[in-house]
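Numbering of residues begins at 1 and proceeds along the displayed sequence. Being a predicted model, the structure only gives us computed values, none of them experimental.
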Amino acid sequence: KATGGLIGPINAEDLNAALKDGLTLLPAGGVTVAFRAPRGYQIFQLENRSSPAQRPFDSVRGQIEQTLRESEARFSTVFRSSPAGISISTLHDGRIIDANASLSCMFGYQREEAIGRTAAELQIWVHPEARTDMVARLRELGRVTNLEIEARRKCGDIGNFLVSVE
């Protein structure tokens, strides 16, 4: 009776001596003889041989920088084109670092008007203590999802908004 499964990659140091010896001479694609294991006999098929490659940082720097540029471009595209209002702000005082066009439409502030100012300076929070509570929950839980708040638009109108923060 046999059972199968996928195992790997296996660190050679974790193998018992008999299995290690058996795998040493085994070509890629080869199958071992049956080895006694705690749950019966097992056989192994060696799919390939590889050793972890370590390269100097300078040799991969360009690849890392390219990956970072691509990641930043994806983030920027999502941030700018999202129909949901998004801002990036400091946790400490709510200073707005960036805001997308959808947030500008929601609150009536041009992006340039909002960046560098705090939510308190813009009088966005109708109940400032709600922000204090949200920050406390964020620090405790690491995220707050779909918190209903009352917020003030530039024109003075008050609306209900769902806020999620991380």
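- Under the side chain to side chain donor-acceptor pair (under 3.5 Å) criterion, Glu70 pairs with Gln66, sequence neighbours left out.
- Remark: Glu166 pairs with Arg143 by the salt bridge (Lys or Arg N to Asp or Glu O under 4.0 Å) rule, at least two apart or across chains.
- Under the rule for a salt bridge (Lys or Arg N to Asp or Glu O under 4.0 Å), Arg139 has no partner lying at least two apart in sequence or in another chain.
- Residues Leu122 and Leu91 fall within the same hydrophobic cluster, defined by Ile, Leu, Val, Met, Phe, Trp and Tyr side chains chained together at heavy-atom separations under 4.5 Å.
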If you look only at distance, which donor and acceptor atoms sit under 3.5 Å apart when one is on a side chain in residues 152-163 and the other is two or more places apart or in another chain?
residue: Arg152; atom: NH1; partner: Gln123; partner atom: O; Å: 2.7
residue: Arg153; atom: NE; partner: Met106; partner atom: O; Å: 3.1
residue: Lys154; atom: NZ; partner: Glu113; partner atom: OE1; Å: 3.2
residue: Lys154; atom: NZ; partner: Glu113; partner atom: OE2; Å: 2.6

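- Here Gln110 pairs with nothing under the side chain to side chain donor-acceptor pair (under 3.5 Å) rule; sequence neighbours left out.
- The two residues Ser102 and Ser82 have their closest heavy-atom pair at OG-O, 2.6 Å.
- Taking Ile, Leu, Val, Met, Phe, Trp and Tyr as hydrophobic and joining them when side-chain heavy atoms fall under 4.5 Å apart, one finds Ile86 in a cluster with Phe75, Phe79, Ile88, Ile97.
- Between Ile149 and Met134 the shortest side-chain heavy-atom distance does not fall below 4.5 Å.
- For Leu141, there are no side chain to side chain contact (heavy atoms under 4.5 Å, CB included) partners, not counting sequence neighbours.
- In this structure, Ser164 and Asn146 approach most closely via the heavy-atom pair OG-N, 2.9 Å.
- Side-chain atoms of Thr77 come within 3.5 Å of backbone N or O of Ala73 as a donor-acceptor pair.
- Between atom CG of residue Leu138 and atom OG1 of residue Thr145 there is a gap of 10.0 Å, rounded to the nearest 0.5 Å.
- The OG atom of Ser87 lies 8.5 Å from the CZ atom of Phe107; values are rounded to the nearest 0.5 Å.
- Under the rule for a side chain to side chain donor-acceptor pair (under 3.5 Å), Ser71 has no partner lying at least two apart in sequence or in another chain.
- Looking only at side-chain heavy atoms (C-beta outward), Asp98 and Arg111 come within less than 4.5 Å of each other.
- Residues forming a side chain to side chain contact (heavy atoms under 4.5 Å, CB included) with Arg95 (at least two apart in sequence, or on another chain): Thr90, Asp93, Thr118, Glu121.
- Residues Ser89 and Ile96 come closest through the heavy atom pair CB-CA, 4.0 Å.
- Partners of Glu65 under the side chain to side chain donor-acceptor pair (under 3.5 Å) rule, at least two apart in sequence or in another chain, are Arg61.
- Scanning for side chain to side chain contact (heavy atoms under 4.5 Å, CB included) contacts around Thr132 gives an empty result, with sequence neighbours left out.
- Among residues at least two apart or in separate chains, there is no ring-ring contact (aromatic ring centres under 6.0 Å, His included) pair with a member in residues 112-154.
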